[in-house]
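One structure below.
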Amino acid sequence: MDPRFDVELVSVTKRFGDTVAVDGISLRIPRASYCCLLGPSGCGKTTTLRMIAGHEAVSDGDILIGGQNVSNLPPVLRGTAMMFQSYALFPHLNCLDNVAFSLKMRGVKKMERHERAREFLKLVHMSDYSMRLPAQLSGGQQQRVALARALITHPKVLLLDEPLSALDPFLRIKVREELKRLQRELEITFIHVTHSQDEAMAMADVMVVMEDGLIRQAGAPREVFERPVNPFIARFIGGHNVLPGPGGPIAIRADRCRLGIAGNGPHISGRVTVVEYQGTMVRVAVTTDPGDEVSALVPDELFHRQPVEPGDAATLVWSEQDVHHMAQA
């Protein structure tokens with residue numbers, strides 16, 4: 001048992017018939033950390049989450065939670081709680097009874113379970129809504145109740161399956177701040193599946209990028225963003241230009257590129273195809289003669305000093321020190 005890690009996956013594989021959904025992955029998630037599993041649809045991230053929860057059986061390998069091998073244990077004995085994308089609240093129960101439901105199933109007396117449910121509704125700022133039915137709540141409020149219901153069992157690990165996908169953009173930001181606050185206050189590990197790069201970068205202590213059932217890169221968000229190991233990571237995370245280099249592919253961050261004049265330093269020329277105003281920055285996309293598209297993120301003030309429009313000739317320049325060399329795949 002290694003006390004530094006709450007969850008360990010050891011060569012975990014999941015097969016559905018002849019299809020390998022997760023292919024021999026190994027991962028260590030540090031104690032009391034926020035981990036995001038990130039990747040395109042079909043990459044194996046949700047299957048991985050469901051195996052940790054015990055809702056999918058492991059075909060090969062082992063899953064350890066708190067140092068205990070839980071691979072063959074049912075969900076209720078794993079010390080995990082799962083918050084589903086649909087929230088799955090009972091429509092006929094008010095918020096208080098929804099949160100208290102798992103304690104009722106464990107035989108906790110009504111007064112005690114309601115007292116504990118009120119504590120967790122307060123934790124998620126939903127005390128004033130305890131008597132409302134789920135249909136009387138907004139999507140964000142329903143999510144908070146579902147979160148309180150998951151946390152009341154005091155899990156070692158909370159599993160979240162795309163918990164923000166149904167929320168509007170403004171509320172999504174507010175709720176992700178709340179999730180991060182709760183994770184820090186409760187000092188338990190959260191494992192959060194998402195397809196949103198922005199979400200993972202904002203929330204994760206550990207960001208795990210998956211593709212084709214494999215973990216392609218895992219690390220702190222800054223490490224993954226600044227040092228993508230291959231072109232897939234650089235393109236999927238976004239914000240990078242991927243180009244052929246003298247000894248393999250290279251990545252240059254778009255915010256390190258600028259509009260300029262071809263000189264002795266690294267540069268690439270073409271015609272402007274897209275100009276996107278993004279508030280503090282303007283994204284300028286340039287298509288080269290061979291058909292590659294590269295982008296620069298230009299500070300708003302600098303762009304408007306010398307603006308360009310689609311169809312204009314343009315050259316993107318960058319510093320040699322901003323070039324990141326990657327493996328081929």
Side-chain angles (χ1 to χ4, degrees), residues 5-9 12-14 16 19-23 25-30 32-58 61 63 65 70 75 78-88 139-140 142-144 146-147 149-151 155-167 169 171-173 175-180 182-183 186 188-221 224-225 232-233 236-238:
F5 303 102
D6 273 346
V7 179
E8 298 179 69
L9 308 183
V12 170
T13 294
K14 177 61 183 178
F16 295 100
T19 302
V20 178
V22 176
D23 193 1
I25 64 171
S26 294
L27 177 68
R28 286 176 147 189
I29 301 175
S33 60
Y34 205 116
C35 175
C36 284
L37 303 181
L38 174 70
S41 296
C43 70
K45 57 188 186 293
T46 296
T47 300
T48 299
L49 193 78
R50 289 177 59 81
M51 285 192 290
I52 296 170
H55 299 308
E56 292 287 356
V58 173
I63 295 174
I65 295 175
V70 301
R78 293 192 177 207
T80 63
M82 191 157 181
M83 186 172 144
F84 295 96
Q85 188 175 356
S86 63
Y87 312 144
Q142 288 182 34
Q143 187 191 57
R144 288 168 186 263
L147 183 60
R149 186 180 62 180
L151 292 171
K156 297 173 190 166
V157 180
L158 180 65
L159 308 169
L160 303 106
D161 185 12
E162 302 214 28
L164 310 182
S165 60
L167 305 179
L171 188 56
R172 198 175 300 147
I173 291 172
V175 175
R176 79 187 188 194
E177 291 171 355
E178 281 293 293
L179 286 173
K180 189 65 179 173
L182 285 166
Q183 187 270 324
L186 297 168
I188 64 175
T189 288
F190 282 27
I191 305 177
H192 174 142
V193 162
T194 179
H195 60 269
S196 167
Q197 298 88 336
D198 291 344
E199 202 171 288
M201 298 247 268
M203 304 179 76
D205 302 309
V206 179
M207 187 162 76
V208 180
V209 187
M210 297 184 68
E211 181 196 26
D212 295 336
L214 297 167
I215 293 174
R216 298 299 189 185
Q217 188 169 0
V224 175
F225 183 75
F232 164 75
I233 298 286
F236 184 78
I237 293 298

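Across Val224 and Gln217, no two heavy atoms sit closer than the pair CA-NE2, 3.8 Å. Closest heavy-atom contact between Ser165 and Arg172: O-NH2, 4.1 Å. Looking at every heavy atom in both residues, Ala53 comes nearest to Leu159 through CB-CD1, 3.4 Å. Minimum interatomic distance between Phe232 and Pro40 (heavy atoms only, all atoms of both residues): CZ-CD, 4.0 Å. In terms of heavy atoms, Gln183 sits closest to Ala32 at NE2-O, 2.9 Å. Across Ala150 and Leu158, no two heavy atoms sit closer than the pair CB-CD1, 3.6 Å.
With rounding to the nearest 0.5 angstrom, the CG atom of Leu37 is 14.0 Å from the NE2 atom of His195. Summarising the geometry, atom CG belonging to Asp23 is positioned 9.5 Å from atom CE belonging to Met210; distances are rounded to the nearest 0.5 Å. Thr48 OG1 to Leu27 CG: the interatomic distance, rounded to the nearest 0.5 Å, is 9.0 Å. To the nearest 0.5 Å, atom CZ of residue Arg144 and atom CG of residue Leu182 are 8.5 Å apart. Rounding to the nearest 0.5 Å gives a distance of 9.5 Å between CD of Glu177 and CE of Met203. Taking CG from Leu164 and CD from Glu178, the interatomic distance works out to 11.5 Å, rounded to the nearest 0.5 Å.
A 4.5 Å side-chain heavy-atom check between Leu9 and Ile63 finds at least one atom pair inside the cut-off.
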**OP:** Dump the intermediate steps for side-chain contact (heavy atoms from CB on, under 4.5 Å) on Met83 and Gln143, then the final yes or no.
**Re:** CA-CA 9 Å; Met83 186 172 144; Gln143 187 191 57; 3.1 Å; yes
Subject >> Working for side-chain contact (heavy atoms from CB on, under 4.5 Å), residues Ile29 and Val208 >> reply: CA-CA 10 Å; Ile29 301 175; Val208 180; over 6 Å; no
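Across Val7, Ile65, Leu49, a single residue satisfies side-chain contact (heavy atoms from CB on, under 4.5 Å) together with Thr80, and that is Ile65. Between Leu160 and the options Leu179, Ile191, Val193, a side-chain contact (heavy atoms from CB on, under 4.5 Å) holds for only Leu179.
Counting only distance, with no hydrogens or angles, the side chain of Lys45 and the backbone of Asp161 share no donor-acceptor pair below 3.5 Å. With hydrogens and angles ignored, the 3.5 Å screen pairs no side-chain donor or acceptor of Lys156 with any backbone N or O of Ile188. For Thr194 (side chain) and Ser196 (main-chain N/O), a donor-acceptor pair under 3.5 Å exists by modelled atom type. A donor-acceptor contact shorter than 3.5 Å is absent between the side chain of Arg50 and the backbone of Glu56.
Sorted by first then second residue, the salt bridge (Lys or Arg N to Asp or Glu O under 4.0 Å) pairs that include residues 198-215, not counting sequence neighbours, are Lys180-Asp205, Glu211-Arg216.
In this view, Thr189 and Asp6 satisfy the side chain to side chain donor-acceptor pair (under 3.5 Å) rule, not counting sequence neighbours.
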